[in-house]
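See structure below.
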Amino acid sequence: MEIKTEILHVVPKDTALHYRIIPFAKNEQGLELYCDVDTDDEQLSDELQVVLGYEVNLHKKDNAEISRLLSTYYLGDAHVDQSETVVSEISSGGDFLNTLIEEAKKLKSSDIHIETFEQKSRVRIRIDGMMIERYQIIKEDYPSLVNKIKIMANLDIAEKRLPQDGRIQYRSAKQSAFDIRVSVLPTLHGEKIVLRLLNNNSTDIDLNTLGLSEEDMFNYMQGVQRPNGIILISGPTGSGKTTTLYATLKLLNKSTRNILTIEDPIEYTLEGINQVQLKESIGLGFASALRTFLRQDPDVIMVGEIRDPETANMAIRAALTGHLVLSTIHTNSAWGTVSRLMDMGIPSFLVANTLNTSVAQRLVRLLCPACKEAVSFNSNQYPKQFRAPVALSQHYIAKGCSQCFYTGYKGRKAVYEVIPIDADLSQEIRNGNMTIGNILKEKNINTLSGNAFALFADGLTSLEEIYPLLLTI
């Protein structure tokens, strides 16, 4: 839905946010407005006619859609007329880029997306996993913004046909120094740039605050305290796997241990740990680095990701020769790690002998405590195959307010599934048994769906947010 700037000027930002209204047209009959589906039409119409000085016609929309529109068009600096004023300073030597980076860092954003289309250019930032539009950029100023980023990242400003990757070491008085990974992608209407903000400060990383339950922490620590074997953390991109690995390394980091890592990129700097940046362009990949690591007498090795058979084989070899190996892998569940390793050509007996602990991880958005709303609940809302361990009479839904960018969510929490590979499960791996749901129940292993449901039952998140996890087996 595209709303013209001149229509937005008719309703001030404070009025739009207070009444949760979006103007989309103006005609002889008055002003056409979108409003929440549960609004009292008559009362709101009377008030708005006095406040705005126009006859108003209300059109109801889903509350979540109203929240999205408010976030897009009226949230802080995202209001169109304000954003154009700020962005226009780029061509006259303004400091918009630095302001944008520091704003994104302050809001704990993971990425900044700068992109252009036929009619407009815009800036979006990702907060708690959700993309939020913050600025609309004047088309004429877009090339100068792209060139400025390329210069800061030591990229070729004349190359506009091929993708480019770079890095910015950002320093300012307001924020501590941190790195920014830059990716440039040529598109139909110009170059799209994604800035990934990397936090080099590992002070706040603590395994005890990541979201592991008491039982899961006990199972995980049993694996971490073993002298050898592989600990694998699985999950999709952006699920917090690397943060869990760094928290584990921080725990293991002692002067009596030799710890080596190969990463792409190095997201946190850990004093006392030898960290190596992957550089495939010169032949320094995960597998080749692992080969060298084995000559460096390591106690603990961390590999950023196992993504090919060669790396998997080297990790297995390292674990067999008495090293503790930590890494990530892309699978949908903790037990799915076993079949993924076998798909890479690792024999089942080697997987059974080396796999120490398998972990699945997801990030779940938490409801904004300032605006979440309790409503009655019906068990028919669960997925058909899901059987809830307890009955609920009510649950909380996302509403949206200025504190949460009108998304209804604020902050995220990790949800885990930790499977310690004991003698029984090792035998199941040798037998090639991929269906072990009953065995996990007998061992009282907390599943992803069970831990996600616990957050929902405690009123910390919504059914919509955990619904995909309730479908996992």
Side-chain angles (χ1 to χ4, degrees), residues 110 128-129 204-226 229-252 267-268 302 304-306 324-341 355-367 386 388-389 409 411-422 425 436-437 439-463 465-473:
S110 59
D128 294 334
D204 298 331
I205 300 178
D206 189 340
L207 200 59
N208 294 310
T209 62
L210 293 183
L212 284 158
S213 67
E214 189 175 336
E215 292 176 33
D216 290 338
M217 177 66 83
F218 177 79
N219 289 333
Y220 187 66
M221 288 307 299
Q222 277 192 316
V224 170
Q225 289 164 359
R226 292 188 194 177
I230 302 177
I231 297 175
L232 289 178
I233 302 177
S234 65
T237 302
S239 59
K241 302 186 298 294
T242 305
T243 302
T244 301
L245 282 183
Y246 276 114
T248 307
L249 287 176
K250 192 175 177 183
L251 188 71
L252 292 169
E267 294 191 24
Y268 298 92
M302 194 270 265
E305 182 185 349
I306 293 179
L324 182 64
V325 180
L326 295 88
S327 190
T328 67
I329 194 167
H330 285 287
T331 62
N332 293 324
S333 65
W335 192 247
T337 297
V338 175
S339 58
R340 179 75 178 113
L341 289 173
L355 187 58
N356 170 330
T357 306
S358 184
V359 180
Q361 178 174 347
R362 302 289 189 277
L363 286 178
V364 172
R365 289 185 298 164
L366 302 177
L367 287 165
F386 180 73
Y409 297 91
R412 290 189 291 181
K413 191 177 184 69
V415 175
Y416 291 90
E417 179 177 298
V418 180
I419 302 180
I421 308 300
D422 57 15
L425 292 177
I436 60 162
I439 299 175
L440 296 182
K441 284 181 182 178
E442 290 173 7
K443 294 179 178 293
N444 294 318
I445 300 295
N446 294 325
T447 62
L448 275 175
S449 59
N451 285 331
F453 179 81
L455 288 180
F456 173 63
D458 290 340
L460 297 176
T461 191
S462 66
L463 179 63
E465 187 67 11
I466 68 161
Y467 197 93
L469 295 181
L470 299 184
L471 298 169
T472 60
I473 301 174

Between E267 and T243, is any pair of side-chain heavy atoms under 4.5 Å apart?
no
Do L448 and R362 have side chains that get closer than 4.5 Å, going by heavy atoms?
yes
What pairs of residues pass the salt bridge (charged side-chain N to carboxylate O under 4.0 Å, His left out) test when at least one of them lies in residues 212-223, not counting sequence neighbours?
none
Short question: side chain of D128, backbone of G411 - any donor-acceptor pair under 3.5 Å?
yes
Pairs touching residues 440-451 that satisfy salt bridge (charged side-chain N to carboxylate O under 4.0 Å, His left out), sequence neighbours left out:
D422-K443, D424-K443
Considering residues at least two apart in sequence or located in another chain, which fulfil the side chain to side chain donor-acceptor pair (under 3.5 Å) criterion with T244?
Q361, Y416
Taking only residues two or more places apart in sequence, or in another chain, which ones meet S449 in a side chain to side chain donor-acceptor pair (under 3.5 Å)?
T447
With heavy-atom distances below 4.5 Å as the criterion, would you say the side chains of Y220 and I233 are in contact?
yes
Find out whether I421 and W335 are in side-chain contact, i.e. whether some heavy atom of one side chain is under 4.5 Å from a heavy atom of the other.
yes
Going by side-chain contact (heavy atoms from CB on, under 4.5 Å), name the residues that satisfy it together with S239, two or more places apart in sequence or in a different chain.
P236, K241
List for me each residue that meets side-chain contact (heavy atoms from CB on, under 4.5 Å) alongside Y467, sequence neighbours excluded, and say none if there are none.
P383, L463, L471
Looking at side-chain heavy atoms only, is the closest gap between N356 and L324 below 4.5 Å?
yes
Just wondering, do N446 and S213 contact through their side chains at under 4.5 Å, heavy atoms?
yes
Whether K250 side chain and D206 backbone form a donor-acceptor pair below 3.5 Å:
no
Could you tell me whether the side chain of T337 and the main chain of L232 form a donor-acceptor pair under 3.5 Å?
no
I'd like to check the side-chain contact (heavy atoms from CB on, under 4.5 Å) partners of S462; sequence neighbours left out, ordered by chain and number.
L367, Y409, E464, E465
Tell me, do I306 and T328 make a side-chain contact under 4.5 Å, heavy atoms counted?
no
List for me each residue that meets side-chain contact (heavy atoms from CB on, under 4.5 Å) alongside A334, sequence neighbours excluded, and say none if there are none.
S358, A360, E417, I419
Heavy atoms, side chains only, cut-off 4.5 Å: are K413 and L363 in contact?
no
Keeping H330 on the side-chain end and G235 on the backbone end, is there a donor-acceptor pair under 3.5 Å?
yes
Who are the side chain to side chain donor-acceptor pair (under 3.5 Å) partners of T357, not counting sequence neighbours?
none
